[in-house]
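Notes to accompany the following structure.
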Protein chains: 2
Amino acid sequence: MNNSLSTSPTPAGPAGPAGTAGPAGTASSRVFDHLRKDLVGGCFVAGEKLAINVLKDRYQVGLSPLREALNKLAAYGLLVQENQRGFRVPKLSRDELDDITQVRLEMEGMALERAIANGDSLWEADLLAAAHRLKRVDITLDKGEEWEYLHTQFHRTLVAPCGSVWLLRFIEQLHDQFDRYRRLGPKMPTIRQELDEQHHQLVELALQRDAKTARELMDDHIHKSYEVALKRYQEHV
Amino acid sequence: MNNSLSTSPTPAGPAGPAGTAGPAGTASSRVFDHLRKDLVGGCFVAGEKLAINVLKDRYQVGLSPLREALNKLAAYGLLVQENQRGFRVPKLSRDELDDITQVRLEMEGMALERAIANGDSLWEADLLAAAHRLKRVDITLDKGEEWEYLHTQFHRTLVAPCGSVWLLRFIEQLHDQFDRYRRLGPKMPTIRQELDEQHHQLVELALQRDAKTARELMDDHIHKSYEVALKRYQEHV
DNA sequence: ATAAGTTAAAAAATCGATTATCTTGTTTAA
DNA sequence: TTAAACAAGATAATCGATTTTTTAACTTAT
């Protein structure tokens with residue numbers, strides 16, 4: 001996977017399931033990936049203050065690489081840094097969830113249209129593969145990690161050939177933010193069935209190059225996810 | 001000003017002209033602001049590798065705060081971090097300039113429409129003030145810094161009440177990226193007259209709540225800036 | 001000559017300890 | 001009784017030194 005924030009030419013590695021960067025390079029980048037995953041996955045309580053010394057033990061690194069990772073995460077928006085009192089997990093709010101969703105609708109819609117215009121046949125193949133892998137995940141066996149990873153991958157693949165590096169970057173960032181809400185509480189989406197059905201239809205429409213309908217469906221898909229996220233958020237207050 | 005990346009509750013201070021964070025808190029945040037300004041202002045050559053020890057002297061800080069700032073800037077997109085070989089200034093390319101411009105058109109247009117829908121009368125006052133200050137800058141006296149700062153402020157004010165924190169964040173980031181091109185070479189925009197005229201018209205349209213025309217003008221304004229940036233880029237190769 | 005191997009110098013990343021700042025509980029003065 | 005002042009402990013930020021990795025110059029073998 002190799003997210004664009006990590007230090008660039010990660011040796012790739014076997015690309016383990018959950019977005020981890022293989023054997024990985026620096027200590028700093030390893031903590032970054034790990035912490036990012038945990039923050040998005042809801043391992044921390046929103047608003048919580050992070051005790052650096054605790055993190056140091058938890059992630060088995062020294063202060064310097066840890067602080068470097070925290071600084072990156074703050075610039076990325078997964079942490080808030082306060083003047084002389086360390087880092088904390090950003091609070092959640094209904095308003096922000098709505099905001100994120102709105103912007104996602106605009107940006108992912110745009111990106112999808114462009115991807116459908118530009119994507120080649122290699123893209124079609126990747127898309128089919130990603131959707132297939134996602135569908136194949138055994139809910140009973142999966143601890144949630146596998147589905148989450150493949151879901152992210154699917155959406156990444158879908159918009160990948162949109163032609164705009166910056167659009168992709170922002171979309172990724174918004175996904176992380178959105179998932180802080182969607183992944184509150186229980187592991188598996190209750191309506192996975194429905195969502196997977198939409199994923200399948202999205203592939204169909206992409207292959208048919210029906211940008212307009214695809215975008216409508218994407219809107220719908222985001223709205224569905226929004227409802228899940230909102231419910232989770234409201235139950236979690 | 002107090003950019004959203006700096007550590008939050010900066011004591012405000014007298015808010016010096018050029019985006020600096022007043023007396024400022026941590027060494028880390030001071031270097032961050034300073035480096036950000038220099039990177040956007042073109043003090044470094046694109047593609048250049050940053051020698052940490054040189055920066056350490058140049059900005060008068062130790063390794064730790066410096067590295068923390070560099071890490072933040074990398075997450076923000078003003079630096080590229082390579083696996084075990086430090087930081088470098090991102091290369092410039094025609095493709096990227098086009099990309100940035102495209103996304104700016106979409107996002108700032110959207111933000112402007114929303115701002116015009118939401119902005120109250122305090123906003124109208126702020127807008128008039130920002131435009132006025134911008135117009136008043138004496139080109140002969142100004143070393144370029146003042147105009148640049150007020151220009152940024154004007155555009156910030158224009159979209160401020162759009163209602164989306166994330167949109168504002170992305171727009172700010174894109175501005176920084178765009179300015180890496182626009183501010184190549186000579187200090188003052190050759191067509192400042194024209195640009196200031198557009199600024200003035202934008203205020204007019206905003207006050208009249210004419211969202212549609214305002215957006216068209218904004219598109220035009222971005223296109224004009226794009227031409228400046230492109231020319232600068234091509235001359236700078 | 002070219003390419004693989006070797007090694008010394010340079011640079012990046014990390015560690016351990018120090019310094020500065022905040023927090024909290026307690027005291028003291030109004 | 002309340003609020004300002006203080007002091008001790010906890011936490012954040014920074015420094016200086018060490019370790020690791022890369023770079024570049026120089027061999028040596030094919």
Side-chain angles (χ1 to χ4, degrees), chain A residues 5-13 21-36 39 44-45 47-75 78-90, chain B residues 5-13 21-36 39 44-45 47-75 78-90:
Chain A
L5 283 168
S6 302
T7 174
S8 311
T10 306
T26 65
S28 172
S29 69
R30 262 182 291 114
V31 209
F32 177 86
D33 288 342
H34 199 162
L35 257 169
R36 177 185 169 183
L39 285 163
F44 297 94
V45 181
E48 174 181 4
K49 168 134 175 257
L50 297 182
I52 293 202
N53 285 316
V54 175
L55 295 183
K56 198 169 71 70
D57 297 340
R58 188 164 195 253
Y59 295 98
Q60 292 293 312
V61 275
L63 275 181
S64 310
L66 177 56
R67 286 189 59 89
E68 290 185 10
L70 293 173
N71 272 280
K72 258 197 230 170
L73 288 162
L78 281 175
L79 287 178
V80 178
Q81 188 170 15
E82 291 170 308
N83 206 312
Q84 219 113 357
R85 58 207 69 164
F87 299 85
R88 58 174 64 248
V89 182
Chain B
L5 282 169
S6 303
T7 173
S8 310
T10 307
T26 65
S28 172
S29 69
R30 262 182 293 115
V31 209
F32 176 87
D33 288 342
H34 199 161
L35 257 169
R36 176 185 169 183
L39 285 162
F44 297 93
V45 181
E48 173 182 2
K49 169 136 174 256
L50 297 182
I52 293 202
N53 285 315
V54 176
L55 295 183
K56 199 169 71 70
D57 297 340
R58 189 165 195 254
Y59 295 97
Q60 292 293 312
V61 276
L63 275 182
S64 310
L66 177 56
R67 286 188 59 89
E68 290 184 11
L70 293 173
N71 272 280
K72 259 197 228 169
L73 287 163
L78 281 175
L79 287 178
V80 179
Q81 187 169 16
E82 291 170 305
N83 205 313
Q84 220 112 358
R85 56 207 71 163
F87 299 84
R88 58 175 63 248
V89 182

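Naming convention: chains lettered A, B, ... in sequence-line order (proteins, then strands); numbering from 1 in each chain. The basis for the numbers below is simple: all heavy atoms, side chains too, and nothing from hydrogens, waters or symmetry mates. Just so we're clear, the structure is a prediction, and the values are computed from it rather than from any experiment.
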For [X] against [Y], the heavy-atom pair lying closest together:
{"X": "Leu66(B)", "Y": "Ile52(B)", "value": "CD2-O, 3.5 Å"}
{"X": "Ala74(B)", "Y": "Phe87(B)", "value": "CB-CE2, 4.2 Å"}
{"X": "Ala69(A)", "Y": "Val31(A)", "value": "CB-CB, 4.1 Å"}
{"X": "Leu50(B)", "Y": "Leu70(B)", "value": "CD1-CD2, 4.3 Å"}

Check the distance between [N]'s [atom2] and [X]'s [atom1] and give it to me in whole angstrom.
{"X": "Arg88(A)", "N": "dT23(C)", "atom1": "CZ", "atom2": "P", "result": "10 Å"}
{"X": "Asn53(A)", "N": "dA12(D)", "atom1": "CG", "atom2": "C1'", "result": "9 Å"}
{"X": "Asn83(A)", "N": "dC22(C)", "atom1": "CG", "atom2": "C1'", "result": "11 Å"}
{"X": "Gln84(B)", "N": "dT20(D)", "atom1": "CD", "atom2": "P", "result": "12 Å"}
{"X": "Phe87(A)", "N": "dT21(C)", "atom1": "CZ", "atom2": "P", "result": "17 Å"}
{"X": "Asn71(B)", "N": "dA13(C)", "atom1": "CG", "atom2": "C1'", "result": "11 Å"}
{"X": "Glu68(B)", "N": "dA12(C)", "atom1": "CD", "atom2": "P", "result": "17 Å"}
{"X": "Leu70(A)", "N": "dT11(D)", "atom1": "CG", "atom2": "P", "result": "16 Å"}

Which residues, if any, of residues 57-67 of chain B bring a heavy atom under 4.0 Å of DNA chain D?
-> Gly62(B), Leu63(B), Ser64(B), Pro65(B)
Where do Val89(B) and Leu39(B) land on the side chain to side chain contact (heavy atoms under 4.5 Å, CB included) test, with the steps shown first?
-> CA-CA 8 Å; Val89(B) 182; Leu39(B) 285 162; 4.0 Å; yes
Leu78(A) side chain reached by Leu35(A) side chain, heavy atoms, under 4.5 Å = no
Would you indicate, yes or no, if dT11(D) has its OP1 or OP2 atom less than 4.0 angstrom from a side-chain nitrogen or oxygen of Lys49(A)?
-> no
